[in-house]
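We number each residue from 1, following the sequence as shown. First listed ligand is number 1; within each ligand, the first listed atom is number 1.
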Amino acid sequence: MKLRLVLGDQLSHTISSLRDATKEDMILMCEVRQEATYVKHHKKKIVFLFSAMRHFAASLSTKGFNVHYVKYDDPANTGSIRGEVGRLADQRGISEIIVTAANEYRVLEDMKQWANALTLPVAIRPDDRFLCSTEEFAAWAEGRKQFRMEYFYREMRKKHAILMTDDGPIGGQWNYDESNRKSPPKDLTVPDTFHIDIDDITQDVIDLVSQHFSDHFGDIAPFHFAVTRDAALQALDLFVYARLRLFGDYQDAMVQNEPWMFHSHIGLYLNCGLLAPLECIARAEAAYHDGSAPLNAVEGFIRQILGWREYVRGIYWIKMPDYKAMNFLEAKRALPEFYWTADTKMNCMRQCITETKQNAYAHHIQRLMVLGNFALIAGLDPDQVNDWYLLVYADAYEWVELPNVSGMILFADGGIMGSKPYAASGTYINKMSNYCGSCSYKHTVKNGPKACPFNYLYWDFIDRNADKLRGNPRMGFMYQSLDRMTDEKRHEIQVDTDRFFKEIAPHEKS
Ligand SMILES: Cc1cc2nc3c(=O)[nH]c(=O)nc-3n(C[C@H](O)[C@H](O)[C@H](O)COP(=O)(O)OP(=O)(O)OC[C@H]3O[C@@H](n4cnc5c(N)ncnc54)[C@H](O)[C@@H]3O)c2cc1C
Ligand code: SF4
């Protein structure tokens, strides 16, 4: 009998491990302690994944497949994927193990040891749900000094014939980002995100997570994520119908108490396999052709999936395992406690962390320009920042989280992904949000106790990292400004920075 293993982020009926499955084979799915706790994932994320796994297993059983599903609280559960594969192999006289390659370096390395450890043939099949294979990305990257996403994206547009005419990109441009930076008007109405009622399976999982993961970060309620493919397709359709039209215009905008904005909220479904990237792209492209969404919105959305998503995965696999250990700026400050409690006077941080805690979601610009920007300019330790991002978001898996954190926000990779750090002062946050209006600090004040911390931390970051960044051609202007500063101004920046860090880390006080 063949054993086919389906992991929690492999919930696609077309997954390579199941492609030639027969009713005689055994399909194993397991909820294991090791994966749920190696970082203490957000409770809502665990509810989502366990419930989606249970629904997927039920749909396989309905089709007549022989599914062996191990629940988290099964007393015989060994707590690891390898342990469960070995246990079933012993019990059932398995002749071969078939699995799709794990999307995480750590798990894939372990899989490669199974044949020896279990003395059974193990077939590890490629995960072909992505639009660019790891080999294809490696060939694209070969010989390049810099891996710019924009060039990769253009290749992907041509390869998959998306938004293309015979003469080039539809509309004549590859990228419409200059139309995608509108500030939100005061009377902006944001449609509600997708909601689906909790069924018995999800309720059982909620009870289990409440009991076994009470010390994990985040709120379970309200729980309204899709946990089946049908519901995930409905969530996709709702996005295309209600939000896509304005996705581009307000892509970078942040509004107090509006966590969902005009983003799609489908990352969690794509990353666990309930949705496929090409079907999301096709629906958006069709909305452009039928006139229901403009080109700047559709191109912007497609670029995120066809470009960024595939690109970060490619970077992950060509650079691991070294990528995880990179710390180009030698940042070492501990993650402040307020990343867990949201207890900070900085309204932008409080908003984004509170919403993250409630929803296991924050949109891209909150992750990048508020939470990430702070982590960069405050010099937070990349390992701690990576752990935080990996556990708090329902869509977080190392292959996508790590390049976004170490590459995009922290510049820990020294410029593999971005040509310069994405550091910004309070002026940017004020331009793209209405957070500053409800803040104890003033974004217009540069120094002193009332000053926005982003303002002085920004210059402290530039100063602190001068030996690493001064030579960067895209940072020349910043260093010219720093060099023009009076000694008194630089002293004020230092005093404010020291005071701020003392305030947020009381244990550092003497
Ligand atoms: C610091 C940081 C950490 C991040 N961690 C994750 C993560 O763990 N998992 C994750 O899926 N995305 C991550 N992202 C990328 C992006 O923020 C999320 O994909 C997005 O916010 C998910 O929400 P959405 O589905 O509403 O996306 P939308 O804004 O509607 O975008 C549509 C889709 O495009 C893809 N996408 C967009 N931007 C990126 C990107 N930079 N990298 C990869 N895919 C992208 C996602 O699949 C997303 O669902 C991170 C970004 C930053 C800056
Ligand atoms: S003033 Fe500064 S800390 Fe306050 S919300 Fe604005 S950017 Fe954030």
Side-chain angles (χ1 to χ4, degrees), residues 45 149 193-194 235-236 239 243-244 247-248 250-252 254 256 259-272 275 277 280-281 284 297 300-316 344-352 359-376 385-386 388-410 417-418 422 424-445 450-458 500:
K45 179 181 186 180
M149 199 293 291
T193 188
F194 179 77
L236 171 64
F239 162 68
R243 310 179 109 80
L244 176 59
F247 174 90
Y250 302 122
Q251 196 178 348
D252 286 2
M254 298 174 283
Q256 180 98 3
W260 307 103
M261 293 303 290
F262 291 87
H263 293 266
S264 65
H265 327 139
I266 58 163
L268 72 172
Y269 309 132
L270 275 166
N271 295 351
C272 77
L275 292 178
C280 301
I281 290 169
F301 174 72
I302 288 177
R303 178 157 24 92
Q304 307 310 311
I305 297 181
L306 184 64
W308 280 109
R309 187 170 184 270
E310 299 289 332
Y311 167 83
V312 298
R313 177 176 183 259
I315 295 280
Y316 178 80
T344 162
K345 289 192 285 178
M346 292 178 285
N347 184 46
C348 53
M349 294 292 284
R350 187 168 64 233
Q351 273 285 307
C352 296
N359 303 320
Y361 178 84
H363 66 71
H364 185 68
I365 219 71
Q366 295 177 304
R367 297 186 204 196
L368 180 69
M369 296 311 295
V370 178
L371 301 163
N373 184 22
F374 182 88
L376 170 71
V385 181
N386 272 301
W388 187 84
Y389 274 94
L390 185 57
L391 74 86
V392 300
Y393 294 116
D395 54 37
Y397 298 85
E398 190 179 84
W399 64 267
V400 52
E401 172 277 324
L402 180 65
N404 271 299
V405 170
S406 282
M408 203 183 300
I409 65 169
L410 296 181
M417 266 183 69
Y422 266 104
S425 69
T427 308
Y428 175 88
I429 296 173
N430 181 56
K431 180 167 174 275
M432 295 318 301
S433 78
N434 61 0
Y435 292 154
C436 300
S438 316
C439 188
S440 315
Y441 299 110
K442 297 271 167 277
H443 71 93
T444 46
V445 180
K450 275 280 154 203
C452 166
F454 283 85
N455 291 341
Y456 50 81
L457 290 180
Y458 173 84
F500 177 81

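The only option from Gln304, Met261, Met432 that meets the side-chain contact (heavy atoms from CB on, under 4.5 Å) definition with Gln251 turns out to be Gln304.
With Asn455 contributing its side chain and Val445 its backbone, the two residues share a donor-acceptor pair below 3.5 Å. In this structure a side-chain-to-backbone donor-acceptor pair under 3.5 Å is missing from His443 to Ile429. A donor-acceptor pair under 3.5 Å links the side-chain atoms of Lys450 to the main chain of Ser440, judged by distance alone. Without hydrogens or angle criteria, Gln351 side chain to Cys348 main chain gives no donor-acceptor distance under 3.5 Å.
Salt bridge Arg309/Asp395: absent, no basic N to carboxylate O contact under 4.0 Å.
The tally of protein N/O/S atoms under 2.8 Å from atom 4 (Fe) of ligand 2 stands at 1.
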Note to self: Test side chain to side chain contact (heavy atoms under 4.5 Å, CB included) on Tyr361 and Arg367; report intermediate values, then the result.
What the structure shows: CA-CA 9 Å; Tyr361 178 84; Arg367 297 186 204 196; 4.0 Å; yes
One pair per line, please: each N/O atom of ligand 1 matched with every protein N/O atom under 3.5 Å away, atom names first, then the distance to 0.1 Å.
residue, atom, partner, partner atom, Å
ligand 1, 9 (N), Asp395, O, 2.9
ligand 1, 9 (N), Asp395, OD1, 3.1
ligand 1, 11 (O), Asn271, ND2, 2.8
ligand 1, 17 (O), His364, ND1, 2.9
ligand 1, 21 (O), His364, N, 3.4
ligand 1, 25 (O), Ser264, OG, 3.4
ligand 1, 25 (O), His265, N, 3.4
ligand 1, 25 (O), Ile266, N, 3.1
ligand 1, 25 (O), Gly267, N, 2.9
ligand 1, 26 (O), Ser264, N, 3.3
ligand 1, 26 (O), His265, N, 2.7
ligand 1, 26 (O), Tyr361, OH, 2.7
ligand 1, 29 (O), His263, ND1, 2.8
ligand 1, 30 (O), Ser264, N, 2.8
ligand 1, 30 (O), Ser264, OG, 2.6
ligand 1, 38 (N), Gln304, OE1, 3.4
ligand 1, 41 (N), Asn404, OD1, 3.0
ligand 1, 42 (N), Asn404, ND2, 3.1
ligand 1, 49 (O), Gly267, N, 3.1

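Using bins of under 30°, 30° to 60° and over 60° for the plane-to-plane angle, the ring pair Phe301/Phe239 lands in the tilted bin. Phe262 and Tyr250 have tilted rings, their planes meeting at an angle from 30° to 60° on a 0 to 90° scale.
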